[in-house]
Peer 1: 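Dropping a structure here in structure tokens format, bear with me for questions.
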Amino acid sequence: MLKRDEIINILNDDTKNDWLFTLANKVRKENVGDNVHLRGLIEFSNICNCNCKYCGLRCHNKKIERYRILKDEITKIAKNASKMGYKTIVLQSGEDAYYSSDKMIEIIKCIKQFDVALTLSIGERTYDDYKAFKDAGADRYLIRIETTDRNLYKQMHPNMDFDNRLRCLNDLKKLGYEVGTGCLVGLPNQTIESLADDILFFKEIEADMVGIGPFISHPQTPLNNAPNGNFTLALKVMALTRIMLPDINIPATTAMETLNPNGRIIALQSGANVVMPNVTSQKYRAKYEIYPNKICLNDNPDKCRNCISAKIESIGRQVATNYGYSHNKG
Ligand code: 5AD
Ligand code: SF4
Ligand code: FES
């Protein structure tokens, strides 16, 4: 395994990038194979109580039109995704208190009627909520640490508490969820050293899934003048994560494709083994504007499903037909 100094050296040195990406691709192939797991992403509410400096959904952004999708429509979207062959549904939203524990439990139970694994990505909740969601049938939970640099975390997340984020990750682990986390690459004032610490953190908490994406500047946020993150650096953090955690699930993130038209395929060839296509109806897509120029805004679920299969097959890989639990349990 690589030491902190070695990770820092690799991140600082761009002369060995080809070696790094080739190695990460080999480690991916040997440990999780050529299957690519598709996770159908439902962005069911863009309402958020948080005020993360980088995110277009932050509550201080008054310029976006907000929406909530209710249980019946969520269920319909999930059913359709399951018919399209998705074996995992991801329910994602801002931190929207409207979806009380009881409301979430109903939604979870509806979706679990279909033959799918269910991932939640709805932010910080109490232990009791997480337990109730698990009991209702949720299998996995995504909550990125965003950065392990406590100072930077504070700058980026007014009114949030790094320790509570850690508490969430610990609770989810304790409850037996498969836990996904991850970080942003290219935040203002983020150091290479802290990115190395992020990778070591993923290892330390034994994450089942790690999503890494470049920061993309959003015009209606306080970071409107900050430069975008660097695609290659984000890819390097991802490749190093694969080398350090050989058998986890790593998505080729949408943010990577936003900065590079072939970003997801490049990521799949540099350590990633998961893609999370959007299965939300087209009418909502433009409103879930975490960052600008998101891909697939004018596309519908069928189009994305066909598009991504074709891309995966074009590089000699195949779409998995199992649930894609971590460590190849599924
Ligand atoms: N650029 C890139 N990624 C972002 N996220 C939020 N805002 C941005 C942005 N401006 C990411 C965060 C969050 C995930 C859902 O989206 O990492 O966890
Ligand atoms: Fe809300 Fe998540 Fe955006 Fe933060 S990153 S403002 S928690 S949607
Ligand atoms: Fe949406 Fe390609 S994945 S059009």
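Remember, it's 1-based here, ligands and their atoms both numbered in the order they're listed. Please read all numbers here as calculations on a predicted model, not as lab measurements.
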Peer 1: Should you measure from each heavy atom of C296, which atoms of ligand 3 turn up under 4.0 Å away?
Peer 2: 1 (Fe), 3 (S), 4 (S)
Peer 1: Checking a contact table here: which protein heavy atom is nearest atom 4 (S) of ligand 3, and how many Å away?
Peer 2: D299 OD2, 3.3 Å
Peer 1: What are the protein N, O or S atoms, given as residue plus atom name, that sit under 2.8 Å from atom 3 (Fe) of ligand 2?
Peer 2: C55 SG
Peer 1: Can the positive tip of R242 be found less than 6.0 Å from the middle of the six-membered ring of F21, inside 45° of the ring normal?
Peer 2: no
Peer 1: Would you please indicate yes or no on a ring centroid separation below 6.0 angstrom for Y153 and F162?
Peer 2: yes
Peer 1: side-chain contact (heavy atoms from CB on, under 4.5 Å), that's the test. Do I143 and E124 meet it? Break it down for me.
Peer 2: CA-CA 8 Å; I143 182 162; E124 297 179 16; 3.9 Å; yes
Peer 1: Holding to side-chain hydrogen bond (donor to acceptor under 3.5 Å, both in side chains), I want the full list of residues that pass it with E43, two or more places apart in sequence or in another chain.
Peer 2: N278, K294
Peer 1: Are M84 and L38 co-members of a hydrophobic cluster defined by side-chain heavy atoms under 4.5 Å apart?
Peer 2: yes
Peer 1: Any idea which residues sit under 4.0 Å from ligand 1, heavy-atom distances?
Peer 2: Y54, C55, Q92, R144, E146, L184, P214, F215, I216, I290, Y291
Peer 1: Step by step, work out the side-chain contact (heavy atoms from CB on, under 4.5 Å) result for R165 and H157.
Peer 2: CA-CA 11 Å; R165 202 122 184 124; H157 307 99; over 6 Å; no
Peer 1: Do the ring centers of F133 and Y141 come within less than 6.0 Å of each other?
Peer 2: no
Peer 1: At less than 4.0 angstrom from any non-hydrogen atom of C304, what atoms of ligand 3 do you find?
Peer 2: 1 (Fe), 3 (S), 4 (S)
Peer 1: Any idea which part of R264 is under 4.0 Å from ligand 3, heavy-atom wise: side chain, backbone, both or neither?
Peer 2: side chain
Peer 1: Does the pair N25 and T22 meet the rule for a side-chain contact (heavy atoms from CB on, under 4.5 Å), with working shown?
Peer 2: CA-CA 5 Å; N25 193 41; T22 305; 5.7 Å; no
Peer 1: How long is the gap from CG on L70 to CD1 on I107, to the nearest 0.5 Å?
Peer 2: 8.0 Å
Peer 1: Evaluate the side-chain contact (heavy atoms from CB on, under 4.5 Å) criterion for residues Y325 and D139: first the C-alpha distance (whole Å), next the side-chain angles of each, then the deciding distance (0.1 Å), finally the verdict.
Peer 2: CA-CA 9 Å; Y325 286 102; D139 301 284; 3.6 Å; yes
Peer 1: Can you check atom 5 (S) of ligand 2: any protein non-hydrogen atom closer than 4.0 Å?
Peer 2: yes
Peer 1: Please name all residues satisfying side-chain hydrogen bond (donor to acceptor under 3.5 Å, both in side chains) with E257, sequence neighbours left out, ordered by chain then number.
Peer 2: R264, K311
Peer 1: Testing H218, Q220, K63 for side chain to side chain donor-acceptor pair (under 3.5 Å) with E289, which one passes?
Peer 2: H218
Peer 1: Near C307, which atoms of ligand 3 are under 4.0 Å from a heavy atom of that residue?
Peer 2: 2 (Fe), 3 (S), 4 (S)
